[in-house]
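In what follows, every chain begins at residue 1, and chains take the letters A, B, ... in the order their sequences are listed.
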Number of protein chains: 2
Amino acid sequence: MMENYEVTRLLVNYKTLEEFKNFREFGAAELSMKGDLEANIIENDSESPFYGIYYGKKLVARMSLYRIDGKFDRYFEPAQDYLELWKLEVLEPYRYKGYGKALVNFAKSFNLPVKTNARQGSSEFWNHLGFEPVTYQPTRDRGESPYVWYPDGVHEQHADTEPVNIESTNF
Amino acid sequence: MMENYEVTRLLVNYKTLEEFKNFREFGAAELSMKGDLEANIIENDSESPFYGIYYGKKLVARMSLYRIDGKFDRYFEPAQDYLELWKLEVLEPYRYKGYGKALVNFAKSFNLPVKTNARQGSSEFWNHLGFEPVTYQPTRDRGESPYVWYPDGVHEQHADTEPVNIESTNF
């Protein structure tokens, strides 16, 4: 049985950055946060785009969640604001205990469409949580494997600008 | 000393798809190619967005390369057509022999700016090939670690639409 994990909005501070070092996906987003903090561009303890779950005092799961403006929506019909979810990761010893599911359910709780880029081998996880793959559009998806969750009344957006023949987008 | 590897534009056919199964990154792009081929949407042996290097008859390295229209350019100044490179991968036993470098040099040979999303731990590889990280912009880069290569006279595009304070893009 799954526990009722508490999802917390993470703060931008050196403690959070230290916790992030335990996660495999550590890249430009984290380095940028560090730089902004050091240069006082971002205030210490301001809210970050990251959400996480603590086990005791240890951050064991996290994700980044952004609200994308409907005018940039190329995934949903009708076009609307949606949530983009990335960097979903659970630390190795804490996997398969429902932490990932708790984070994704938190994202779904806003009742906005959710889009993510499924990592290699994760399709079963996303399917299980009600996500579906979209029709791949090369210039939009650029090698990603987008999975989406539709709230009631929302459907896949049909391509209107994407050429059917990929040749024309190549050289 | 590095050999002079021949970079080949890959064809869309069942042989190419069979070769792709050897690569770790097998996702929506490949499944879409398979579906299009099966449904006769794409002609057998038409050109794909993939380029690769064969060792004998075996495909040992590949990448996907797209020309992105300058009107979508949010990375380069002046804004212009650029190449987006992804799915760069060399099969395990063939690594560290210059195959990856040969593919990247092929991309650079068009003398257009090149943008890629650096995978975890690959920054040394990209730096070595003259690529640089860009200033991270959360809503543009969405968790990616973009690395770019600038031809002469091209610079980083400054953010004009991206808020400095990430708070305003969140909720």
Side-chain angles (χ1 to χ4, degrees), chain A residues 9 12 23-33 35-36 41-43 46-50 63-69 72 81 83-88 110 112 115-123 133-139 141-147 164-167 169-171, chain B residues 9 12 23-33 35-36 41-43 46-50 63-69 72 81 83-88 110 112 115-123 133-139 141-147 164-167 169-171:
Chain A
R9 177 112 186 226
V12 180
F23 290 82
R24 273 197 314 167
E25 279 195 42
F26 188 93
E30 291 82 357
L31 292 171
S32 163
M33 194 182 278
D36 289 351
I41 293 170
I42 288 186
E43 257 181 279
S46 61
E47 291 188 325
S48 81
F50 285 96
M63 69 174 171
S64 193
L65 200 61
Y66 265 81
R67 186 175 181 136
I68 307 291
D69 194 295
F72 300 117
D81 287 10
L83 298 181
E84 183 132 1
L85 189 167
W86 64 77
K87 297 224 181 202
L88 176 66
F110 294 92
L112 289 170
K115 186 232 149 190
T116 193
N117 174 26
R119 270 194 291 263
Q120 196 60 29
S122 69
S123 57
V134 298
T135 308
Y136 182 71
Q137 295 179 22
T139 55
D141 301 324
R142 303 180 185 188
E144 287 198 353
S145 298
Y147 269 67
V164 170
N165 184 337
I166 61 167
E167 288 314 295
T169 66
N170 283 310
F171 57 100
Chain B
R9 178 115 186 223
V12 181
F23 290 81
R24 272 197 314 166
E25 278 196 42
F26 189 94
E30 291 82 356
L31 292 172
S32 163
M33 194 181 280
D36 288 351
I41 291 170
I42 288 186
E43 256 181 281
S46 61
E47 291 188 326
S48 81
F50 285 97
M63 68 174 170
S64 193
L65 199 60
Y66 265 80
R67 186 176 181 135
I68 307 291
D69 193 298
F72 300 116
D81 287 10
L83 298 181
E84 182 133 0
L85 189 167
W86 64 77
K87 296 225 182 202
L88 177 66
F110 294 91
L112 289 170
K115 184 233 150 189
T116 193
N117 174 25
R119 270 195 292 264
Q120 196 60 27
S122 69
S123 58
V134 298
T135 308
Y136 183 71
Q137 296 179 22
T139 56
D141 301 322
R142 303 178 184 189
E144 286 197 352
S145 298
Y147 269 67
V164 171
N165 184 338
I166 60 167
E167 290 313 296
T169 67
N170 283 310
F171 58 99

Pairs of heavy atoms under 4.5 Å with chain B: top-ranked of A/Gly35, A/Gly143, A/Ser32:
A/Gly143

Most chain B-contacting option - heavy-atom pairs closer than 4.5 Å, from A/Ser145, A/Ala29, A/Gly27:
A/Ala29

According to side-chain hydrogen bond (donor to acceptor under 3.5 Å, both in side chains), who are the partners of B/Asp69, at least two apart in sequence or on a separate chain?
none

For A/Glu25, what residues pass the side-chain hydrogen bond (donor to acceptor under 3.5 Å, both in side chains) criterion, not counting sequence neighbours?
A/Arg119

So which of B/Lys87, B/Glu43, B/Glu84 has the largest heavy-atom pair count under 4.5 angstrom toward chain A?
B/Glu84

I want to check something: taking the side chain as every heavy atom from C-beta on, are B/Arg142 and A/Asn117 in contact at a cut-off of under 4.5 Å?
no

Looking only at non-hydrogen atoms, find the nearest pair between A/Tyr136 and B/Ala28 and report the distance.
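Residues A/Tyr136 and B/Ala28, closest heavy atoms: CD1-CB, 3.7 Å.
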
Interatomic distance, OH@A/Tyr66 vs OG1@B/Thr139, rounded to 0.5 Å, equals 7.0 Å

